[in-house]
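Side chains are part of it too, since the values below use all heavy atoms of this structure and drop only hydrogens, waters and symmetry mates. Below, chains carry the letters A, B, ... as their sequence lines are ordered, and counting in each starts from 1.
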2 protein chains.
Amino acid sequence: MDDKNLELVHLLRAVTVEFGLRQAEFAAANGMHTTDVRALICLLDATRAAEPATAGLLGTRLGLNSAGTTAVIDRLERLGHVTRTRDPEDRRRVLLSVTPEAIRLGQDFFGPAIAELAGVSESLTPAERDAVRRFLTTARAAFSGA
Amino acid sequence: MDDKNLELVHLLRAVTVEFGLRQAEFAAANGMHTTDVRALICLLDATRAAEPATAGLLGTRLGLNSAGTTAVIDRLERLGHVTRTRDPEDRRRVLLSVTPEAIRLGQDFFGPAIAELAGVSESLTPAERDAVRRFLTTARAAFSGA
DNA sequence: TGCATATCTCTCGCTGAGCGAGATTATTGC
DNA sequence: GCAATAATCTCGCTCAGCGAGAGATATGCA
């Protein structure tokens, strides 16, 4: 094997690099830091997965300690991108939600790229789509946890 | 379309998130910062592409200004992960090269994940592999430049 | 019930990554 | 040669994120 099979690996890594740069660009364009953008993505993911979007979860996902987590949330709240609510079920916890404005901001910026990708996805046969899914799922697993 | 075609997009984003975390983990495990790891990756990419790995190029790729770039290189040099050489062709420039030790470090850490991915790649039919390539190439293009 | 312990978030002070400005050294064109 | 340009480095500063620990709520056990 080797170069033949490493091609896709390198391609994937190139994608992550580009995506990271674009994320940084989006951050800068909106007076944020990359961590803040990653935080918003995290919160949206949690919401989509119907997980409670708490401060603690956010910190864990971002690899920040509690002080840093508080700072991120402070910044996002100050910019009006998230709101804090005390969890009525467990009043130690703080629930976070992304504001509609922040969501629109993200859509405006990443919308075109996402549409393009959705387009390619649509053009794939079910078998091809499954191959992509297999590749990406393996990648996610290979890079997660241990 | 929608959810059907956004599935792969979300999956791709999840991969980039995991990869980012893993990168941070690698960095922490070796007394580095994520920027330093990104710098090493950049330098290896440049070498593979037979581009001159100069300090300036590195800074541009990482989105750092000259001061920050110097700092990154200082850190990496102090750790013995890169070496500086004055370009004999243009003595204003500094050529950077990643040391074998740093390369081994990376292989030890990312090798298993890469092997796993190469394995999936190998298991794909040429048509499937082409589909993955198409998807990733589009992604890279969609997230690059403007 | 009432106290000890665990859990979640926040505050404070500090370190250091990355920025802006400008100095330094090397190259190139006139 | 001498100005203009290019590549890198130095200095001082700001602020993201860390460690330590405080405050508030929840839970287990006597």
message: Starting the side chain at C-beta, find the nucleotide from C:dC19, C:dT27, D:dA7 nearest to B:Leu64.
response: C:dC19

message: If you define the side chain from C-beta out and look only at heavy atoms, does anything of A:Arg75 sit under 4.5 Å from A:Met32?
response: no

query: Would you say A:Thr35 reaches D:dG17's phosphate, i.e. side-chain N/O to OP1/OP2 under 4.0 Å?
result: yes

task: On DNA chain D, check which nucleotide each of A:Asp36 and B:Leu57 is closest to and give me the residue with the more 5' one.
output: B:Leu57

query: Over how many whole Å does the gap from B:Ile73 atom CD1 to D:dA7 atom C1' extend?
result: 11 Å

- prompt: Using a cut-off of less than 4.0 Å, is there contact between a side-chain N or O of B:Arg84 and OP1 or OP2 of D:dC9?
  reply: yes

message: Heavy-atom count check: over 12 atoms from other residues, nucleotides or ligands less than 6.0 Å from B:Arg84 CZ?
response: yes

message: From C-beta outward on A:Ala67, which listed nucleotide comes closest to its side chain: C:dT9, D:dG19, D:dA7?
response: D:dG19

- prompt: Where do A:Leu12 and A:Ala139 come nearest, in terms of heavy atoms and distance?
  reply: CD2-CB, 3.8 Å

task: May I ask you to decide whether B:Asp130 forms a salt bridge with B:Arg134, counting only side-chain N to carboxylate O separations under 4.0 Å?
output: yes

message: By nearest atom, which of the nucleotides D:dG17, C:dT9, D:dT8 is closest to the B:Val94 side chain?
response: D:dT8

query: Just to confirm, is there a sub-4.0 Å distance from OP1 or OP2 of D:dA16 to any side-chain nitrogen or oxygen of A:Arg38?
result: no

- request: Give the rounded distance in Å between these two atoms: CZ of A:Arg86 and C1' of D:dA26.
  value: 13 Å

query: Is any N or O donor-acceptor pair between the side chain of A:Arg92 and the base of C:dT7 shorter than 3.5 Å?
result: yes

- request: Ignoring the backbone of B:His33, work out which of C:dA21, C:dA17, C:dT9 is nearest its side chain.
  value: C:dA17

query: Within this structure, what is the CG-to-P distance between B:Asp74 and C:dG18, rounded to whole angstrom?
result: 12 Å

statement: Between A:Asn65 and A:Arg91, the residue closer to the 5' end of DNA chain D by nearest nucleotide is A:Asn65

